Amino acid sequence: LMKHYTRKAMTVTHALHADCERDIRLAREWGLSVDKPTLVTPGNGGVRSDVFYPPASREPGKEPVIINPRGFRAYVNNAAFFKAIPLVLEKRADAKFICSSMAGESQALQWIQELKIEHAVQLNPPLSHAQMAETFRGAQIVVSPAIHDGTPNSLLEGMACGCFPIAGDLESIREWITHGQNGLLVNPNDPQSIADGILLAIQREDLRHEAAGLNANIISARAEYGMNMKKVGEFYRTVIGNW
């Protein structure tokens, strides 16, 4: 039934605005005509560079801080992420983990207790954009353990703040991250894979530094809010004008 209605929807669609090229490819496969216009931009319009920007400097030798900004979503494997934490702590006992929008979450609290990682984990309530930006600037690594995804806004925002990205190896994420260059792609279902990525990123300050420069250029060129919203405005004016 879903297959039938998906194909039907694609055949009557006048235009498609998506947050990743993967979705455009799938839409074409499901019946979106090649002559229908498409646009790809981040789902929230892009990254606001006046809010999300890197710190002026980072203290060398500072304790590693890792942030998971994804909160609880069905397609984010937080179970694997939490199980990766003790594996990291075995080799880097000074590592600290910040989890966004998880304060008071019973499942997160249960994992923390079972894994005996209370000393290393901070569960944050939902924060404003400005507060999230400050949190990103206080971390070195951002982790997105999604098992399927489009373009995660919070991952781009973390990259804009200079965090080294570690994410599930997904087609949509590969549109932003080249493994071993400006981030690492891991198996989001495997705690050891996530832990290995985090430990490598902690160890390789040179890789983090190089990635921060690459990611600043990527965000500026492809994810900046003003530029993307201009494209969005032009796209919708064209679509409505042609309708």
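Every heavy atom of this structure was used, including side-chain atoms; hydrogens, water molecules and symmetry mates were not. Bear in mind that the values here come from a model prediction, so they are computed numbers and not experimental data. Quick note: residue numbers are just sequence positions, from 1.
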(message) Measuring only between side-chain heavy atoms, which start at C-beta, is Lys96 closer than 4.5 Å to Glu63?
(response) yes
(request) Taking the side chain as every heavy atom from C-beta outward, state whether Gln192 and Asp196 have any atom pair closer than 4.5 Å. (result) yes
(message) Strictly below 4.0 Å, N to O, side chains only: are Asp206 and Arg204 in salt-bridge contact?
(response) yes
(request) Kindly say whether Pro188 contributes a backbone atom to a donor-acceptor pair with the side chain of Asn77 at under 3.5 angstrom? (result) yes
(message) According to side-chain hydrogen bond (donor to acceptor under 3.5 Å, both in side chains), who are the partners of Trp176, at least two apart in sequence or on a separate chain?
(response) Thr151
(request) Would you name the heavy atoms of Ala167 and Ile177 that are closest together and state the gap between them? (result) CB-CD1, 4.3 Å
(message) Give me each pair satisfying side chain to side chain donor-acceptor pair (under 3.5 Å) with a member in residues 100-109, each pair once, sequence neighbours excluded.
(response) none
(request) Indicate the atoms forming the closest heavy-atom contact of Phe82 with Leu115, along with that distance. (result) O-CD1, 3.3 Å
(request) Enumerate the residue pairs fulfilling side chain to side chain donor-acceptor pair (under 3.5 Å) with a member in residues 208-218, sequence neighbours excluded, ordered by first and then second residue. (result) Asn182-Asn215
(message) If I compare all heavy atoms of Leu89 with all of Ala95, which pair ends up nearest, and what's the gap?
(response) CD2-O, 3.6 Å
(message) Donor-acceptor pair, distance only, cut-off 3.5 Å: does the side chain of Ser172 make one with the backbone of Asp149?
(response) yes
(message) Tell me whether Arg137 forms a cation-pi arrangement with Phe52, defined as NZ or CZ under 6.0 Å from the six-membered ring centre and within 45 degrees of its axis.
(response) no
(request) Could you check Asp94 against Arg92 for salt bridge (charged side-chain N to carboxylate O under 4.0 Å, His left out), going step by step and ending with a plain yes or no? (result) CA-CA 5 Å; Asp94 58 338; Arg92 286 301 300 253; 2.9 Å; yes
(message) Whether the side chain of Glu175 engages the backbone of Arg22 through a donor-acceptor N/O pair (distance < 3.5 Å, no angle test) should be reported.
(response) yes
(message) Test your reading of the model: is there a side-chain donor-acceptor pair from Ser220 to the backbone of Ala216, 3.5 Å cut-off?
(response) no
(message) Within the structure provided, determine whether Arg70 and Tyr75 are in side-chain contact (heavy-atom separation under 4.5 Å).
(response) yes
